[in-house]
Amino acid sequence: VLGLLRFHHYQSIQNVFPEGLTMAGIPVGGVSRDEAIRRIETAYQIPIEIRYQGAVIHVTPQDLGFTLDISHMSEESAAEALDRYTGPIVATHANARSLLKTDHRQRQLSDPVIQMLIGRNGIMGVIPFNHFLDSGYNSTNSRNSIRLEHLVAHIDHVCQLAGNSLHVGIGTDFDGGFGIPDVPIEIDTIADLHKLVPLLESHGYQSEDVQNILGGNWLRHLERTLPA
């Protein structure tokens with residue numbers, strides 16, 4: 001994803017992607033973003049061909065149960081994906097746009113998109129990234145200004161939209177994209193996410209709700225969508 005983001009930045013300056021670039025196996029070097037999207041969309045509308053004992057079977061990604069992640073999609077892209085893709089859909093790491101003052105890049109999810117995701121039985125993983133918890137935050141700010149309560153607010157927002165705790169989880173993005181200076185002050189290791197338990201309980205969440213939020217929802221999704 002980081003590589004794609006850098007290429008997107010390059011494309012926004014140069015108006016075309018660099019020569020030789022492929023995305024998902026599709027050559028997009030030297031073309032505009034719109035043309036790249038058209039090429040990728042065209043390619044992925046073609047069914048996958050599986051040959052078995054002389055038989056030829058054509059299937060699409062949704063037929064195989066592939067899960068589509070709408071994180072990083074713009075409002076229009078996310079809405080279209082939710083409308084067109086019939087397979088499982090999630091947002092692995094995104095927060096609620098309505099709780100932030102600004103979101104010029106449409107990186108977070110609007111309430112209508114969250115409600116569409118809920119309607120598709122999807123899950124939204126909220127991310128403990130300070131820049132996504134307070135749009136005015138920058139890395140020179142004191143970490144003390146962002147606390148786990150900010151993350152709880154995003155969890156609660158999704159639960160209020162859904163009317164239950166079945167459509168939200170944690171999507172840390174703790175894979176090297178950012179570090180300790182950019183997470184809430186209470187977090188020093190991933191084990192500190194359990195500090196969310198008393199905070200959620202103080203907001204009225206029961207034990208079953210907390211288990212859903214801290215992993216149960218993701219586990220059920222994987223059990224439902226992965227091969228047995």
Side-chain angles (χ1 to χ4, degrees), residues 1-6 8-9 69-75 78 90-115 117-118 123-162 164-219:
V1 170
L2 289 175
L4 289 176
L5 290 175
R6 292 190 184 101
H8 175 75
H9 180 66
D69 185 2
I70 62 172
S71 302
H72 288 277
M73 287 190 184
S74 67
E75 179 86 0
V90 299
T92 56
H93 55 301
N95 288 344
R97 186 185 305 165
S98 62
L99 298 188
L100 302 174
K101 292 180 181 178
T102 58
D103 183 29
H104 299 306
R105 296 184 178 180
Q106 298 185 15
R107 172 61 181 84
Q108 314 312 320
L109 302 188
S110 68
D111 286 357
V113 168
I114 295 173
Q115 289 170 323
L117 182 64
I118 291 167
I123 302 170
M124 177 174 167
V126 296
I127 176 172
F129 181 42
N130 290 352
H131 299 266
F132 291 176
L133 295 171
D134 180 353
S135 53
Y137 180 86
N138 64 65
S139 297
T140 63
N141 296 139
S142 168
R143 286 180 68 205
N144 289 314
S145 63
I146 309 293
R147 310 191 69 84
L148 280 175
E149 276 288 357
H150 288 80
L151 189 65
V152 170
H154 286 266
I155 293 171
D156 185 62
H157 186 76
V158 178
C159 291
Q160 295 301 325
L161 289 175
N164 56 52
S165 62
L166 299 175
H167 299 281
V168 66
I170 309 299
T172 65
D173 210 19
F174 287 175
D175 59 356
F178 54 90
I180 290 297
D182 292 316
V183 298
I185 187 65
E186 298 96 330
I187 297 180
D188 288 317
T189 75
I190 195 166
D192 290 324
L193 289 173
H194 279 282
K195 294 177 181 178
L196 286 167
V197 173
L199 295 177
L200 289 167
E201 291 175 342
S202 72
H203 283 262
Y205 287 89
Q206 302 301 306
S207 176
E208 182 179 357
D209 298 317
V210 175
Q211 290 177 22
N212 289 338
I213 295 164
L214 294 187
N217 290 332
W218 285 125
L219 286 174

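All figures in this text were calculated on a predicted structure; none of them were measured in a lab.
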Please name the pair of heavy atoms, one in [X] and one in [Y], separated by the smallest distance, quoted to 0.1 Å.
X	Y	result
Ala91	Asp69	CA-OD1, 3.5 Å
Ser142	Tyr137	O-CE1, 4.0 Å
Ile123	Gly169	CG2-N, 4.0 Å
Asp173	Phe178	O-CE2, 3.7 Å
Pro128	Phe174	CG-CZ, 3.8 Å
Leu148	Pro184	N-CB, 3.8 Å

Tell me if a side-chain donor or acceptor on [X] pairs with a main-chain N or O of [Y] at a distance below 3.5 Å.
X	Y	answer
Asp156	Ala153	no
Asp188	Ile180	no
Asn217	Asn212	yes
Asn95	Phe132	yes
Gln211	Gly216	no

Could you give the distance from [atom1] ([X]) to [atom2] ([Y]), rounded to the nearest 0.5 Å?
X	Y	atom1	atom2	value
Arg147	Glu186	CZ	CD	4.5 Å
Glu201	Ser207	CD	OG	7.0 Å
Leu109	Leu117	CG	CG	7.0 Å
His72	Gln108	NE2	CD	9.5 Å
Trp218	Thr92	CH2	OG1	6.0 Å

For Asp192, the salt bridge (charged side-chain N to carboxylate O under 4.0 Å, His left out) test, sequence neighbours excluded, returns Lys195

Check: His131 ring centre within less than 6.0 Å of Phe129 ring centre:
yes

Side chains of [X] and [Y] in contact at under 4.5 Å (non-hydrogen atoms):
X	Y	result
Tyr205	Leu199	no
Leu214	Val197	yes
His203	Val152	yes
Val183	Arg143	yes
Gln106	Arg97	yes
His154	Met124	no
Asn164	Cys159	no
Leu196	Ile170	yes

Taken in chain and number order and not counting sequence neighbours, the residues that satisfy side chain to side chain contact (heavy atoms under 4.5 Å, CB included) with His157 are Ala96, Ser98, Leu99, Asp111, Leu161

Taken in chain and number order and not counting sequence neighbours, the residues that satisfy side chain to side chain donor-acceptor pair (under 3.5 Å) with Ser74 are Ser77

- Other residues, nucleotides, ligands: >12 heavy atoms within 6.0 Å of Glu149 CD: yes

